[in-house]
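First the structure, in the form of structure tokens, and then the observations on it.
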Amino acid sequence: HAALALDLLVLLWIWTQSGALWFYEVRVPWIPHFGAALSLVVDGLSLLMLLLTVSLGMVAVAASRYDAPERPGLYYFALLSMLAGIAGVFLAGALLLFFVFYEVMLIPAYFLISLWGDPRMDRNAVATRFFMFTQAGSLLMLLSILGLYFVHGASTHDYTFAYGALLNTPMPLRVGLFLMLGFFIG
């Protein structure tokens, strides 16, 4: 309970801070040749989603103590790795980093389903189906991210994955709809 209270206080403190586009931002060059950076940002929506993730994560850990899973070390590693990936998705300030965190989230989710899913179901078949559908969606999302990267670079001569820079990318309506459809389906 103390950790949840501390998380809540930190999130409320961030909420009260003023800023332009983001409440808080950390940016470190990652692959500068391609305009990729490790960019973590907090805005109002990501703050709420992060609070929800932390809260539900604590509920999941507390609930799993009463129904002790087999191989608890691996279970908690997979659960906390998935929560870290989810938090990264909500904090990513660059689309390439968003994609990486999304993929990081899916790997432990696969193992949680295949090892600790509903025993009445064929866990491996369900986990494999989950993996195939999410990878197909991930491929569409990656293609849309790369498409937006190249459209932005061609129109501004600034090749970057930074979300703030990509927000107002000039492009034809048809290209925008096509990219949006790829993100939506992905």
Side-chain angles (χ1 to χ4, degrees), residues 1-31 34-64 75-113 116 130-131 133-149 152 160-169 179-186:
H1 295 106
L4 181 59
L6 181 62
D7 286 341
L8 181 60
L9 288 174
V10 168
L11 292 173
L12 287 174
W13 175 79
I14 291 172
W15 190 293
T16 60
Q17 303 303 305
S18 64
L21 184 59
W22 314 114
F23 292 153
Y24 190 74
E25 179 177 12
V26 174
R27 184 176 172 85
V28 177
W30 181 25
I31 312 170
F34 294 112
L38 294 173
S39 175
L40 300 175
V41 299
V42 178
D43 64 358
L45 181 60
S46 67
L47 188 64
L48 288 174
M49 297 305 288
L50 192 59
L51 179 61
L52 181 64
T53 300
V54 168
S55 301
L56 289 177
M58 292 186 73
V59 168
V61 168
S64 64
Y75 172 79
Y76 288 115
F77 176 76
L79 179 64
L80 294 176
S81 297
M82 186 178 73
L83 289 172
I86 293 169
V89 162
F90 294 136
L91 294 174
L95 288 183
L96 185 61
L97 188 62
F98 172 85
F99 180 78
V100 168
F101 277 125
Y102 181 77
E103 290 297 318
V104 164
M105 171 187 64
L106 294 178
I107 295 166
Y110 169 83
F111 287 109
L112 286 170
I113 293 168
W116 296 283
F130 166 79
F131 182 77
F133 280 115
T134 55
Q135 289 308 303
S138 293
L139 179 60
L140 280 173
M141 186 168 54
L142 179 61
L143 291 174
S144 295
I145 289 170
L146 291 174
L148 184 57
Y149 171 83
H152 179 78
T160 182
F161 289 101
Y163 178 74
L166 296 173
L167 279 176
N168 297 313
T169 301
L179 292 175
M180 189 275 311
L181 185 63
F183 277 110
F184 179 74
I185 293 171

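Computed from a predicted model, the values in this text were never measured in an experiment.
Checked against Leu91 for a side-chain contact (heavy atoms from CB on, under 4.5 Å), the options Val42, Val26, Val41, Leu47 give a single hit: Val42.
Minimum heavy-atom separation, Pro108 to Ala78: CB-O, 3.2 Å. Nearest heavy atoms, Thr169 versus Leu166: OG1-O, 2.9 Å.
Atom OG of residue Ser46 and atom CZ of residue Phe90 lie 9.0 Å apart, to the nearest 0.5 angstrom. Rounded to the nearest 0.5 Å, atoms OH (Tyr76) and OG (Ser64) are 3.0 Å apart. Taking NE2 from His152 and CG from Leu179, the interatomic distance works out to 13.0 Å, rounded to the nearest 0.5 Å. Taken to the nearest 0.5 Å, the CE atom of Met141 stands 9.5 Å off from the OG1 atom of Thr134.
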Show me, pair by pair, the donor-acceptor contacts under 3.5 angstrom made by side chains of residues 93-107, not counting sequence neighbours?
residue, atom, partner, partner atom, Å
Glu103, OE1, Gln135, NE2, 3.1
Glu103, OE2, Ser138, OG, 2.5

Side-chain atoms of residues 80-87: list all donor-acceptor pairs with protein atoms under 3.5 Å, sequence neighbours left out, distances to 0.1 Å.
residue, atom, partner, partner atom, Å
Ser81, OG, Phe77, O, 2.7

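Annotation for Phe131: atom CZ does not count as buried by contact number, only 12 or fewer foreign heavy atoms lying within 6.0 Å. No more than 12 heavy atoms of other residues, nucleotides or ligands shown are found within 6.0 angstrom of CZ on Phe111.
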Between Phe161 and Tyr149, does a ring-ring contact (aromatic ring centres under 6.0 Å, His included) hold up when you go through it step by step?
CA-CA 6 Å; Phe161 289 101; Tyr149 171 83; 4.3 Å; yes
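Legend: residues meeting side-chain contact (heavy atoms from CB on, under 4.5 Å) with Ile185, ordered by chain and number and at least two apart, are Leu140, Leu181.
Contact of the Leu38 side chain with the Arg27 side chain is not registered, since no non-hydrogen atoms from C-beta on lie closer than 4.5 Å.
Between Trp116 and Tyr75, the ring planes lie perpendicular to each other; the angle is over 60°, past the 30° to 60° tilted range.
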